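Just so it is clear, the model here is predicted, and its values are computed rather than measured. Computed from heavy atoms alone, side chains included, the values below leave out hydrogens, waters and symmetry copies.
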Amino acid sequence: MSRFAPTVGVASTFPRTMPEDHAALPVWNAENWFYEDFEVGHKIRSLRRTISEGESMQFNALVTDMHPYVADEIFARSEGLFGKRLVAGAFVFSAGLGLVATNCINAFSYGYDKLRFIKPAFIGDTIYTIRTNMEKRPKYKELGLIRASYQVYKGEGELVLYCEHIQTVKYRDAEAFAHLVEEAK
């Protein structure tokens with residue numbers, strides 16, 4: 001059993017329109033955890049959200065991405081490979097990770113690895129994210145490193161994006177890791 005308390009919405013949110021093992025995962029919310037609390041193998045699932053045309057185009061304008069596949073309906077329908085407009089991969093990444101982001105003041109982003117756009121997402125698609133804690137290791141005097149995978153799904157469980165997020169996380173008891181930090185140098 002996980003030391004993480006169930007998050008708000010678990011009892012009221014059990015979608016029947018996604019794989020049962022996905023729907024059974026706790027919904028991610030804000031937490032205040034330390035390196036010692038990070039459990040390898042722990043999984044959480046976000047709520048779902050539908051990507052609208054307005055927010056897709058607003059993101060495209062913000063990052064100056066006016067590629068015909070994401071910004072030109074006529075091109076996308078008549079000449080595009082998919083017959084409709086895509087949502088920019090950078091937006092799927094941002095929205096998908098945002099769905100499981102926390103306000104934990106003890107964790108800081110260190111970077112991302114293995115970012116892959118598995119399948120396209122389209123305007124009107126509904127996405128959700130599953131985060132899996134993969135590994136942890138002491139790194140610095142005050143902070144350890146953790147790695148978690150993010151899988152963004154659309155619809156009823158079709159994988160569209162995968163990446164791994166590396167974060168530095170404060171130790172609750174830095175002294176307990178001092179000898180390991182020396183070895184990790």
Side-chain angles (χ1 to χ4, degrees), residues 7-31 41-104 107-135 146-167:
T7 55
V8 174
V10 172
S12 63
T13 307
F14 193 85
R16 297 171 201 241
T17 56
M18 67 174 62
E20 188 173 330
D21 60 333
H22 295 183
L25 293 170
V27 177
W28 191 250
N29 203 347
E31 295 174 343
H42 180 73
K43 291 185 177 192
I44 54 88
R45 172 188 51 82
S46 73
L47 296 171
R48 296 178 294 189
R49 72 180 307 279
T50 301
I51 300 172
S52 73
E53 179 180 17
E55 65 188 347
S56 179
M57 286 303 296
Q58 187 175 29
F59 181 87
N60 296 345
L62 181 66
V63 300
T64 320
D65 181 356
M66 292 299 154
H67 191 284
Y69 271 104
V70 298
D72 185 338
E73 179 70 24
I74 295 171
F75 168 84
R77 269 191 287 121
S78 63
E79 301 177 49
L81 182 64
F82 304 104
K84 55 186 170 180
R85 281 190 312 178
L86 300 171
V87 174
F91 183 60
V92 175
F93 172 75
S94 296
L97 273 61
L99 286 170
V100 290
T102 69
N103 295 317
C104 182
F108 312 91
S109 187
Y110 191 77
Y112 294 90
D113 285 342
K114 301 180 182 176
L115 173 60
R116 299 293 182 268
F117 302 105
I118 311 297
K119 292 193 175 179
F122 303 102
I123 292 170
D125 279 349
T126 298
I127 64 170
Y128 64 94
T129 303
I130 293 177
R131 174 187 162 136
T132 304
N133 294 348
M134 299 174 66
E135 66 177 335
I146 64 166
R147 179 183 294 265
S149 69
Y150 292 80
Q151 295 171 292
V152 179
Y153 294 88
K154 69 178 182 179
E156 297 183 14
E158 185 177 9
L159 182 65
V160 297
L161 182 144
Y162 176 88
C163 73
E164 295 177 6
H165 187 194
I166 305 160
Q167 292 179 284

Quiz item: For the side chain of Ser56 and the backbone of Ser52, is there at least one donor-acceptor N/O pair under 3.5 Å apart?
Solution: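 Checking the backbone N and O of Ser52 against the side chain of Ser56, no donor-acceptor pair under 3.5 Å is found.
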
Self-check item: Polar side-chain atom of Tyr150 near backbone of Leu161 as donor-acceptor pair, under 3.5 Å
Solution: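 Not at all, since once roles are kept as given, no pair shorter than 3.5 Å links the two residues.
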
So do the side chains of [X] and [Y] get within less than 4.5 Å of each other, counting heavy atoms only?
X: Val87; Y: Asp125; result: no
X: Asp65; Y: Val70; result: yes
X: Tyr112; Y: Ser109; result: yes
X: Tyr128; Y: Lys154; result: no
X: Arg147; Y: His165; result: no
X: Leu47; Y: Arg49; result: no
X: Arg45; Y: Thr129; result: no
X: Cys163; Y: Lys114; result: no

Practice problem: Could you verify whether a donor N or O on one side chain and an acceptor N or O on the other, from Arg116 and Tyr162, lie under 3.5 Å apart? | Solution: no

To the nearest 0.5 Å, what is the distance between [atom1] on [X] and [atom2] on [Y]?
X: Met18; Y: Ile130; atom1: CE; atom2: CD1; answer: 7.5 Å
X: Met66; Y: Asp72; atom1: CE; atom2: CG; answer: 11.0 Å
X: His67; Y: Leu86; atom1: NE2; atom2: CG; answer: 9.0 Å
X: Gln58; Y: Asn60; atom1: CD; atom2: CG; answer: 10.0 Å
X: Ile123; Y: Ile51; atom1: CD1; atom2: CD1; answer: 9.0 Å
X: Arg48; Y: Leu99; atom1: CZ; atom2: CG; answer: 11.5 Å

Quiz item: Do you know which two heavy atoms are closest between Leu159 and Val152, and how far apart they sit?
Solution: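 Smallest interatomic distance, heavy atoms only, reads CD1-O, 3.5 Å.
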
Quiz item: What do you reckon, are the aromatic ring centroids of Phe117 and Phe93 less than 6.0 Å apart?
Solution: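 Not close enough - the centres of the two rings lie 6.0 Å or further apart.
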
Practice problem: Decide yes or no on side-chain contact (heavy atoms from CB on, under 4.5 Å) for Val160 and Ile118, but give the supporting numbers first. | Solution: CA-CA 5 Å; Val160 297; Ile118 311 297; 5.6 Å; no

Practice problem: Dump the intermediate steps for salt bridge (Lys or Arg N to Asp or Glu O under 4.0 Å) on Arg85 and Glu53, then the final yes or no. | Solution: CA-CA 10 Å; Arg85 281 190 312 178; Glu53 179 180 17; 2.5 Å; yes

Self-check item: Candidate pair Lys43 and Arg131, rule side-chain contact (heavy atoms from CB on, under 4.5 Å), full reasoning
Solution: CA-CA 6 Å; Lys43 291 185 177 192; Arg131 174 187 162 136; over 6 Å; no

